[in-house]
Colleague: 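The structure that follows is given in the form of structure tokens.
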Amino acid sequence: MLMIYLDNAATTKTAPQVVEAMLPYLSEQYGNPSAVYSLGSSAKKAVNQAKRTIAAAIGAKQEEIYFTSGGTEADNWALKAAAEACAGKGRHIITTRIEHHAVLHTCEYLKKEGCEITYLKVDQDGLVDIRELRAAIRPDTILISIMFANNEIGTIEPIEEIGAIAKENGILFHTDAVQAFGQIPINVEALHIDMLSASGHKMNGPKGIGFLYIRSGIKLGALLHGGAQERNRRAGTENVPGIAGLEAAVTRAMKGMEEKAARESKLRDYLIERIEKEIPHCRLNGHRTKRLPGNVNFSFLYAEGESILIMMDMKGICVSSGSACTSGALDPSHVLLALGLKQEEARGSLRLTLSEENTREELDYTVESLKEILQRLRNL
Ligand SMILES: *Cc1c(COP(=O)(O)O)cnc(C)c1O
């Protein structure tokens with residue numbers, strides 16, 4: 001059956017070279033990286049090589065990369081450990097209303113533990129206000145956590161400015177770059193990023209692997225206690241196949257990133273243009289240009305996002321309403337509400353996230369299907 005995959009913000013297809021890079025570590029290269037004989041040391045080499053590749057991709061050093069089980073774990077670790085490490089200075093954290101739940105729910109937990117959280121507003125395009133950020137800073141502010149790019153609406157935040165403000169004020173800066181890493185160039189030095197979260201499966205890598213970049217000199221506590229893996233900060237035998245797969249995904253993403261992004265942005269803008277021209281009562285969510293190359297998000301009045309999604313699925317098209325984490329629960333997306341959308345606009349939203357493999361023909365079929373579905377739903 002025909003399948004058009006337009007949900008790359010939820011997860012991506014594992015690239016063939018990723019699978020190939022993993023295979024040896026799922027079979028004959030099964031050594032424990034902590035073991036001293038050569039079967040072990042070759043696994044260790046693979047782990048260190050992967051750290052070098054990843055570090056080079058973000059302008060970091062090998063020893064600043066810590067493998068985790070994914071983006072959620074990296075976000076949890078960064079926030080909880082920063083709160084603990086800086087408790088002597090203060091307990092105030094600044095974040096935004098549009099973060100992923102991995103950050104928002106961790107903040108809620110930290111609030112119960114005695115932290116104070118400021119949630120910055122965003123404008124109608126999803127951008128944080130730099131002046132509001134400056135005004136929110138207090139002597140006891142220990143951490144600013146602002147996502148690089150939003151997973152629902154694709155808006156890219158002014159990370160360089162935020163990093164400079166954090167540095168100027170001596171405050172740690174963490175960014176959830178799960179959606180941005182591999183799509184847009186990131187240099188942790190130029191952007192003054194102290195901690196950065198990323199995930200394999202959002203960039204054609206395997207599920208269950210990701211990393212946290214921690215700038216050297218920042219004394220974050222351990223996430224897991226046990227063995228000496230990850231410089232004593234995250235114990236447990238390394239996910240060697242996942243790490244090898246993540247390295248292959250990073251290598252693949254870095255190669256010709258700009259051309260791929262340009263091609264994807266063109267497809268994105270084609271889809272946006274056709275929807276805006278051909279479907280009445282729609283609104284593009286997110287910033288028009290400061291936007292991830294593959295992200296399209298629309299609100300359609302007089303239709304439920306969930307109903308559109310189900311009817312699109314019957315036509316073989318995978319899309320999402322709101323975010324994957326909130327579909328199933330019928331709460332309107334916190335991101336869309338933060339943009340100032342009314343409840344019914346937020347409920348009628350659809351996210352279509354492309355990859356560089358999508359074709360114009362697929363998008364044409366998608367628009368035709370969407371037109372037909374909306375006509376049917378709106379006539380009810
Ligand atoms: C997917 C996602 C996460 C969670 O990553 P996992 O690897 O699935 O745990 C965190 N933040 C953002 C912005 C995401 O899109």
Side-chain angles (χ1 to χ4, degrees), residues 8-15 17-18 21 50-62 64-78 98-100 102-103 145-160 162-163 173-215 239 242-262 264-265 290-295 323 353-356:
N8 286 279
T11 197
T12 54
K13 183 169 118 185
T14 318
Q17 56 268 57
V18 168
K51 283 192 183 172
R52 278 194 291 279
T53 303
I54 292 164
I58 58 169
K61 299 189 283 277
Q62 178 188 332
E64 296 175 317
I65 304 299
Y66 295 82
F67 289 118
T68 66
S69 68
T72 301
E73 186 183 312
D75 285 343
N76 270 261
W77 188 8
I98 63 165
E99 298 299 310
H100 190 273
V103 166
S145 179
I146 297 182
M147 66 200 321
F148 210 111
N150 185 270
N151 47 301
E152 293 188 37
I153 55 173
T155 298
I156 300 168
E157 298 298 341
I159 293 299
E160 188 171 2
I162 296 166
F173 175 38
H174 165 255
T175 188
D176 175 337
V178 170
Q179 292 290 334
F181 181 52
Q183 300 272 339
I184 42 185
I186 297 177
N187 184 296
V188 291
E189 287 307 321
L191 302 174
H192 306 298
I193 295 165
D194 294 312
M195 294 174 279
L196 176 144
S197 307
S199 174
H201 76 100
K202 301 286 177 77
M203 51 177 305
N204 306 96
K207 293 172 179 62
I209 188 76
F211 69 88
L212 179 66
Y213 153 77
I214 308 174
R215 179 180 292 283
N239 173 2
I243 289 167
L246 177 60
E247 183 190 15
V250 171
T251 303
R252 176 186 176 279
M254 293 302 140
K255 208 179 291 162
M257 176 160 40
E258 271 173 52
E259 297 86 81
K260 279 186 283 187
E264 219 173 287
S265 306
K290 291 172 189 161
R291 185 177 196 102
L292 286 171
N295 178 287
S323 84
T353 41
L354 321 183
S355 81
E356 81 253 19

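Basis for what follows: all heavy atoms, side chains included, without hydrogens, waters or symmetry-related copies. Keep in mind it's a predicted model, so treat the numbers as computed, not measured.
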Colleague: Just distance, no hydrogens or angles: give the donor-acceptor pairs under 3.5 Å from side chains in residues 65-72, sequence neighbours left out.
Modeller:
from: Tyr66; atom 1: OH; to: Arg231; atom 2: NE; distance (Å): 3.2
from: Tyr66; atom 1: OH; to: Arg233; atom 2: NH1; distance (Å): 2.5
from: Thr68; atom 1: OG1; to: Gly70; atom 2: N; distance (Å): 3.1
from: Thr68; atom 1: OG1; to: Gly70; atom 2: O; distance (Å): 2.8
from: Ser69; atom 1: OG; to: Glu73; atom 2: OE1; distance (Å): 2.6

Colleague: Rounded to the nearest 0.5 Å, what's the gap from CG on Asp194 to CD on Glu64? Could you check?
Modeller: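 Rounded to the nearest 0.5 Å, the CG-CD separation comes to 10.0 Å.
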Colleague: Supply the atom-to-atom distance Ile156 CD1 to Ile184 CD1, rounded to the nearest 0.5 angstrom.
Modeller: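 If I round to the nearest 0.5 Å, the distance is 4.0 Å.
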Colleague: Does the distance from a Lys or Arg side-chain N to an Asp or Glu carboxylate O, for Glu356 and Arg252, drop under 4.0 Å?
Modeller: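 Between Arg252 and Glu356 there is a salt bridge, with a charged N closer than 4.0 Å to a carboxylate O.
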Colleague: Report yes if the side chains of Ser145 and Asp176 come closer than 4.5 Å at any heavy-atom pair, otherwise no.
Modeller: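 No, every pair of side-chain atoms sits at 4.5 Å or beyond.
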Colleague: Please report the shortest heavy-atom distance between Ala248 and Ala21, naming the atom on each side.
Modeller: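 Residues Ala248 and Ala21, closest heavy atoms: CB-CB, 3.7 Å.
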Colleague: Check whether any side-chain heavy atom of Leu292 sits under 4.5 Å from a side-chain heavy atom of Gln179, and report yes or no.
Modeller: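 The answer is yes; the side chains approach within 4.5 Å.
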Colleague: Under the rule for side chain to side chain contact (heavy atoms under 4.5 Å, CB included), what residues qualify as partners of Ser197, not counting sequence neighbours?
Modeller: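 For Ser197, the residues satisfying side chain to side chain contact (heavy atoms under 4.5 Å, CB included) (neighbours in sequence not counted) are Ala74, Asp75, His174, Leu212.
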Colleague: Hey, does Gln183 have a side-chain heavy atom less than 4.5 Å from the side chain of Glu264?
Modeller: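 Touching, per the 4.5 Å side-chain cut-off.
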Colleague: Do Ser355 and Lys13 meet the criterion of a side-chain donor-acceptor pair at a distance under 3.5 Å?
Modeller: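 On atom types as modelled, these side chains do not qualify, holding no pair under 3.5 Å.
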Colleague: Might you confirm whether atom CD of Glu160 has over 12 heavy atoms from other residues, nucleotides or ligands at distances under 6.0 Å?
Modeller: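 Not more than 12 within 6.0 Å, no.
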Colleague: Do the non-hydrogen side-chain atoms of Met147 and Val103 ever get within less than 4.5 Å of each other?
Modeller: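 Sidechains of Val103 and Met147: no contact.
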Colleague: State whether the side chain of Asn295 and the backbone N or O of Glu152 hold a donor-acceptor pair below 3.5 Å, judged by distance alone.
Modeller: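 At least one qualifying donor-acceptor pair exists.
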Colleague: Show your reasoning for whether side chain to side chain contact (heavy atoms under 4.5 Å, CB included) applies to Ile193 and Ile58.
Modeller: CA-CA 10 Å; Ile193 295 165; Ile58 58 169; over 6 Å; no
Colleague: Within the side chain of Asn150, is there an N or O that forms a donor-acceptor pair under 3.5 Å with the backbone of Ile98?
Modeller: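 Between the backbone of Ile98 and the side chain of Asn150 there is a qualifying donor-acceptor contact (under 3.5 Å).
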Colleague: Suppose we screen for ring pair (Phe, Tyr, Trp, His ring centres under 6.0 Å). Which residues come up paired with Phe181, at least two apart in sequence or across chains?
Modeller: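 Partners of Phe181 under the ring pair (Phe, Tyr, Trp, His ring centres under 6.0 Å) test: Phe211.
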Colleague: Flag the pair Ile162 / His192 as yes when at least one side-chain heavy-atom distance between them is below 4.5 Å, and no otherwise.
Modeller: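 No - every pair of side-chain heavy atoms lies 4.5 Å or more apart.
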Colleague: Return the minimal non-hydrogen interatomic distance between Asn239 and Gly208, and the atom names on each side.
Modeller: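 So the two residues come closest at ND2-O, 3.4 Å.
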Colleague: So, Thr12 side chain and His201 main chain: donor-acceptor pair closer than 3.5 Å or not?
Modeller: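 Flag set: sc Thr12 to bb His201 pair under 3.5 Å.
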Colleague: Which pair of heavy atoms, one from Gly59 and one from Val188, lies closest together, and at what distance?
Modeller: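 Result for this residue pair: O-CG2, 3.8 Å.
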Colleague: Determine whether more than 12 heavy atoms belonging to other residues, nucleotides or ligands lie under 6.0 Å from atom NZ of Lys290.
Modeller: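 For Lys290, atom NZ is not crowded (no more than 12 foreign heavy atoms under 6.0 Å).
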Colleague: Quick check: closest heavy atoms across Ile186 and Ala177, and the distance to 0.1 Å?
Modeller: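 The pair with the smallest heavy-atom distance is CD1-CB, 4.1 Å.
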Colleague: Minimum heavy-atom separation for Ala78 to Met195, with atom names?
Modeller: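 Looking at all heavy atoms of both residues, the closest pair is CB-SD, 3.9 Å.
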Colleague: Could you state the interatomic distance from CG (Asn204) to CG (Asn8), rounded to the nearest 0.5 Å?
Modeller: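 Answer rounded to 0.5 Å: 7.0 Å.
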Colleague: Hey, what do you get for CD1 (Ile54) to CG (Leu246), rounding to the nearest 0.5 Å?
Modeller: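 Those atoms lie 4.0 Å apart.
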Colleague: Is there a donor-acceptor pair under 3.5 Å between the side chain of Thr175 and the backbone N or O of Ile146?
Modeller: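 Answer holds: yes.
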Colleague: How far apart are the closest heavy atoms of Pro293 and Ala261, and which atoms are they?
Modeller: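 Of all heavy-atom pairs spanning Pro293 and Ala261, the closest is CB-O, 3.7 Å.
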Colleague: Between atom OH of Tyr213 and atom NZ of Lys61, what is the distance when rounded to the nearest 0.5 Å?
Modeller: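 Reported value, rounded in 0.5 Å steps: 7.0 Å.
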Colleague: Mind checking the CD1-CZ spacing from Ile159 to Phe173? Nearest 0.5 Å is all I need.
Modeller: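 Here the rounded value is 4.0 Å.
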Colleague: Yes or no on side chain to side chain contact (heavy atoms under 4.5 Å, CB included) for Val250 and Met203, after CA distance, side-chain angles and deciding distance?
Modeller: CA-CA 8 Å; Val250 171; Met203 51 177 305; 3.9 Å; yes
Colleague: Evaluate side chain to side chain contact (heavy atoms under 4.5 Å, CB included) for His100 paired with Val178, printing each intermediate quantity in order.
Modeller: CA-CA 10 Å; His100 190 273; Val178 170; over 6 Å; no
Colleague: Is the shortest heavy-atom distance from the side chain of Thr53 to the side chain of Thr251 under 4.5 Å?
Modeller: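 Yes - at least one pair of side-chain heavy atoms lies under 4.5 Å apart.
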